[in-house]
Asker: 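For reference, the structure I am asking about is given below.
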Amino acid sequence: MGLIVQKYGGTSVGSPERIKNVARRVARWRQEGHQIVVVVSAMSGETNRLIALAKEIQAQPDPRELDVMVSTGEQVTIALVAMALIDLGLKCRSYTGGQVRILTDSAFTKARISNIDDLNLRRDLRDGYVVVVAGFQGVDEAGNITTLGRGGSDTTGVALAATLAADECQIYTDVDGVYTTDPRIVPEARRLKTVTFEEMLEMASLGSKVLQIRSVEFAGKYKVKLRVLSSFEEAGEGTLITFEEDEKMEQATISGIAFNRDEAKITILGVPDRPGIAYQILGPVGDANIDVDMIVQNVGHDGLTDFSFTVHRNDYSRVLEILTPIALHIKAREVQGGNRIAKVSVVGVGMRSHAGIASTAFRTLAEEGINIQMISTSEIKISIVIDEKYMELAVRVLHKVFGLDQPS
Ligand code: ADP
Ligand code: ASP
Ligand code: MG
């Protein structure tokens with residue numbers, strides 16, 4: 001008997017039939033004597049529909065009002081799931097983020113959780129209720145509704161599991177675990193039985209949407225036992241995120257290939273090569289609350305250098321707006337941009353002890369005639385930026401060359 005947090009994603013609650021299916025699963029866990037907290041997303045497609053609707057009124061929707069609106073998607077689902085559970089004869093209560101008091105900062109559309117008031121939830125669990133909580137949303141100090149960024153229900157799930165010291169946080173989705181790469185792009189991808197927390201962190205941050213990165217960060221910080229499972233299968237152990245590299249297991253050198261086509265590249269050509277220049281360029285970008293990902297500065301020639309970096313595609317036009325006057329001010333030659341790029345990354349803790357991974361990756365891409373525009377590496381990952389049109393090809397050939405399609 002334990003306390004389990006189960007999070008169900010959009011597809012898993014995408015129709016009345018699927019919601020009833022979720023309720024039946026929850027009922028089985030209850031019958032086994034577990035206390036259950038259910039976290040749900042909006043029904044599939046609903047968040048996109050709401051965002052598109054907002055954009056019909058205001059091209060760049062006001063962030064506060066956008067959060068008021070998109071948070072309704074999850075509010076609908078909690079009520080439907082609660083009804084389905086009550087219909088099965090279970091005691092159940094639904095809560096919005098604000099009703100729980102999932103406290104966040106005020107960064108609308110990308111808020112961070114700062115505190116969770118677990119009083120009501122604990123009381124309900126003690127009294128035998130299943131508690132159903134809306135994912136993706138919270139409330140700031142002033143009482144404004146906030147949302148946690150796309151995919152944020154994962155983070156609600158893990159944060160609740162951490163607060164309640166749950167025995168396990170189960171992320172139910174439309175695949176039966178974490179794969180060596182997105183199985184929708186590479187059908188030969190294989191499910192990983194375990195993946196280390198560090199690898200999962202890299203994969204999530206490099207574009208594997210199966211878990212929102214902040215949920216993995218939370219799991220790491222509070223040592224939450226986290227598992228990804230299919231909501232469509234009756235049984236199955238899914239993928240467990242582990243904290244220790246299991247020495248007994250034959251660790252593959254590479255665990256997965258992640259990719260991301262949500263980025264854009266900005267290059268400033270002919271920048272005077274002097275101290276403080278990176279700060280002059282990136283300071284104002286950071287001040288605008290825009291995250292910068294890869295940064296490359298070339299070796300200078302004749303006192304000039306080129307400076308490139310990537311940002312989320314949504315921030316692309318804003319960054320060009322910010323940098324055009326700055327480029328003029330620092331007397332750079334030109335600002336160039338491109339948003340038809342993709343980032344492909346090879347991830348694995350085994351890289352630490354194996355040389356030659358990078359050269360194998362570069363050779364493989366060269367053989368396919370794929371030009372590399374930027375490279376960045378860490379101990380356990382190699383990321384490259386390429387033309388977006390080669391992304392799927394790059395993912396497939398890298399997946400194959402590192403033997404990820406072979407049973408381990
Ligand atoms: P949910 O709505 O349940 O939160 P998401 O669409 O956010 O589901 O995440 C699940 C999807 O993540 C899968 O359908 C799959 O296409 C995608 N995905 C990307 N990379 C991976 C990976 N390495 N392993 C499994 N799924 C992945
Ligand atoms: N409904 C939100 C989204 O589509 C949150 C989530 O599904 O995790 O991004
Ligand atoms: Mg998701």
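Read the numbers this way: they start at 1 and go in the same order the structure lists the ligands and their atoms. Throughout, residue positions are numbered sequentially from 1 according to the sequence presented. Heavy atoms only: backbone and side chains are in, while hydrogens, waters and symmetry mates are out.
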Asker: At a 4.0 Å threshold, what atoms of ligand 1 neighbour a non-hydrogen atom of V178?
Answerer: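 The atoms of ligand 1 under 4.0 Å from a heavy atom of V178 are 24 (N).
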
Asker: Decide whether the shortest distance between a heavy atom of G9 and an atom of ligand 2 is less than 4.0 Å.
Answerer: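 Heavy atoms of G9 never come under 4.0 Å of ligand 2.
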
Asker: Measure up the Y8 and Y172 rings against each other and bin them: parallel (under 30°), tilted (30 to 60°), perpendicular (over 60°).
Answerer: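 Rings of Y8 and Y172: parallel, under 30°.
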
Asker: Looking at K7 and S153, what are the two nearest heavy atoms and their distance?
Answerer: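 Heavy-atom minimum between the residues: CE-CB, 3.6 Å.
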
Asker: Tell me the protein heavy atom at minimum distance from atom 4 (O) of ligand 1, and give that distance in Å.
Answerer: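 The closest heavy atom on the protein side is K7 NZ, 3.0 Å.
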
Asker: Heavy atoms only: which of Q212, R150, K209 lies closest to atom 7 (O) of ligand 1?
Answerer: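 Looking at heavy atoms only, the winner is K209.
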
Asker: Using a 6.0 Å distance limit plus a 45 degree cone around the ring axis, check whether R191 lies over the aromatic ring of Y179.
Answerer: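 That pair does not qualify as a cation-pi contact.
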
Asker: Surrounding NZ of K91 (heavy atoms of other residues, nucleotides or ligands, distance under 6.0 Å), is the total greater than 12?
Answerer: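 Yes, NZ of K91 has more than 12 neighbouring heavy atoms, counting only those of other groups under 6.0 Å.
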
Asker: Would you name the heavy atoms of D105 and S114 that are closest together and state the gap between them?
Answerer: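 Shortest heavy-atom separation between D105 and S114 comes out as N-OG, 4.5 Å.
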
Asker: Within the 4.0 Å heavy-atom shell around S208, which atoms of ligand 1 are there?
Answerer: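 It comes down to these atoms of ligand 1: 20 (N).
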
Asker: Can you find an N or O of V175 that's nearer than 3.5 Å to an N or O of ligand 1?
Answerer: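 It does not: no N or O of V175 is found under 3.5 Å from an N or O of ligand 1.
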
Asker: Kindly say whether E233 contributes a backbone atom to a donor-acceptor pair with the side chain of S230 at under 3.5 angstrom?
Answerer: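 A pair under 3.5 Å: yes.
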
Asker: For atom 14 (O) of ligand 1, what is the nearest protein heavy atom, given as residue, atom name and distance?
Answerer: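 The answer is R184 NH2, 2.4 Å.
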
Asker: Pair T242, F197 - check side chain to side chain contact (heavy atoms under 4.5 Å, CB included), show working.
Answerer: CA-CA 6 Å; T242 58; F197 159 73; over 6 Å; no

Asker: So, 4.0 Å and heavy atoms of G177: is ligand 1 close enough to count as a contact?
Answerer: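 Checking ligand 1 against G177, which is what was asked, there is a heavy-atom contact under 4.0 Å.
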
Asker: Would you say the side-chain atoms of R313 pair up with the backbone N or O of E263, donor to acceptor, closer than 3.5 Å?
Answerer: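 Yes, the answer is positive, given that a donor and an acceptor are paired below the 3.5 Å cut-off.
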
Asker: To which protein heavy atom is atom 17 (C) of ligand 1 closest, and what is the distance rounded to 0.1 Å?
Answerer: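 The closest one turns out to be D182 OD2, 3.7 Å.
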
Asker: Mind checking whether S153 has an N or O less than 3.5 Å away from an N or O of ligand 2?
Answerer: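 N/O-N/O distance below 3.5 Å exists for this pair.
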
Asker: Are E217 and R214 ion-paired here, with the side-chain N under 4.0 Å from a carboxylate O?
Answerer: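 No, this pair does not count.
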
Asker: For ligand 1, which atoms have a heavy atom of D174 less than 4.0 angstrom away?
Answerer: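 Listed by number with element: 10 (C), 11 (C), 13 (C), 14 (O).
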
Asker: I'd like to check which ligand 2 atoms, numbered from 1 as shown, lie under 4.0 Å from a non-hydrogen atom of S41.
Answerer: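 What qualifies from ligand 2 is 6 (C), 7 (O), 8 (O).
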
Asker: In the structure I gave you, are the side-chain heavy atoms of E379 and M351 within less than 4.5 Å of one another anywhere?
Answerer: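 Counting from C-beta outward, E379 and M351 never come under 4.5 Å.
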
Asker: Any donor and acceptor pair, going by atom type alone, linking the side chain of T77 with main-chain N or O of G73 inside 3.5 Å?
Answerer: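 Yes.
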
Asker: What protein heavy atom sits nearest atom 8 (O) of ligand 1, and how far away is it?
Answerer: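 Of the protein heavy atoms, T173 OG1, 3.1 Å lies nearest.
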
Asker: I need the nearest protein heavy-atom contact for atom 2 (O) of ligand 1: residue, atom name and distance, please.
Answerer: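 So the nearest neighbour among protein heavy atoms is G10 N, 3.1 Å.
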
Asker: Tell me, which protein residue and heavy-atom name are nearest atom 27 (C) of ligand 1, and how many Å apart are they?
Answerer: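 Result: V210 CB, 3.8 Å.
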
Asker: Students should be able to answer this: which protein heavy-atom is nearest to atom 24 (N) of ligand 1, and at what distance?
Answerer: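 Ranked first by proximity to atom 24 (N) of ligand 1 is Y179 N, 2.8 Å.
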
Asker: I'd like to know if K209 pairs up with D182 as an ion pair, taking the criterion as any Lys NZ or Arg NE/NH1/NH2 lying under 4.0 Å from an Asp or Glu carboxylate oxygen.
Answerer: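 No, K209 and D182 are not salt-bridged.
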
Asker: Does R191 have a heavy atom less than 4.0 Å from any atom of ligand 1?
Answerer: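 R191 does not count as a contact of ligand 1 under the 4.0 Å cut-off.
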
Asker: Any N or O of F136 that comes nearer than 3.5 Å to an N or O of ligand 2?
Answerer: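 N/O-N/O distance below 3.5 Å does not exist for this pair.
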
Asker: Give the atom numbers and elements of ligand 2 that come within less than 4.0 Å of a heavy atom of R150.
Answerer: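 Counting from 1, the qualifying ligand atoms are 3 (C), 4 (O), 9 (O).
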
Asker: Non-hydrogen atoms of E74 versus ligand 2: any pair closer than 4.0 Å?
Answerer: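 Checking ligand 2 against E74, which is what was asked, there is a heavy-atom contact under 4.0 Å.
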
Asker: Within less than 4.0 angstrom of ligand 2, does G152 place any heavy atom?
Answerer: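 G152: in contact with ligand 2 (<4.0 Å).
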
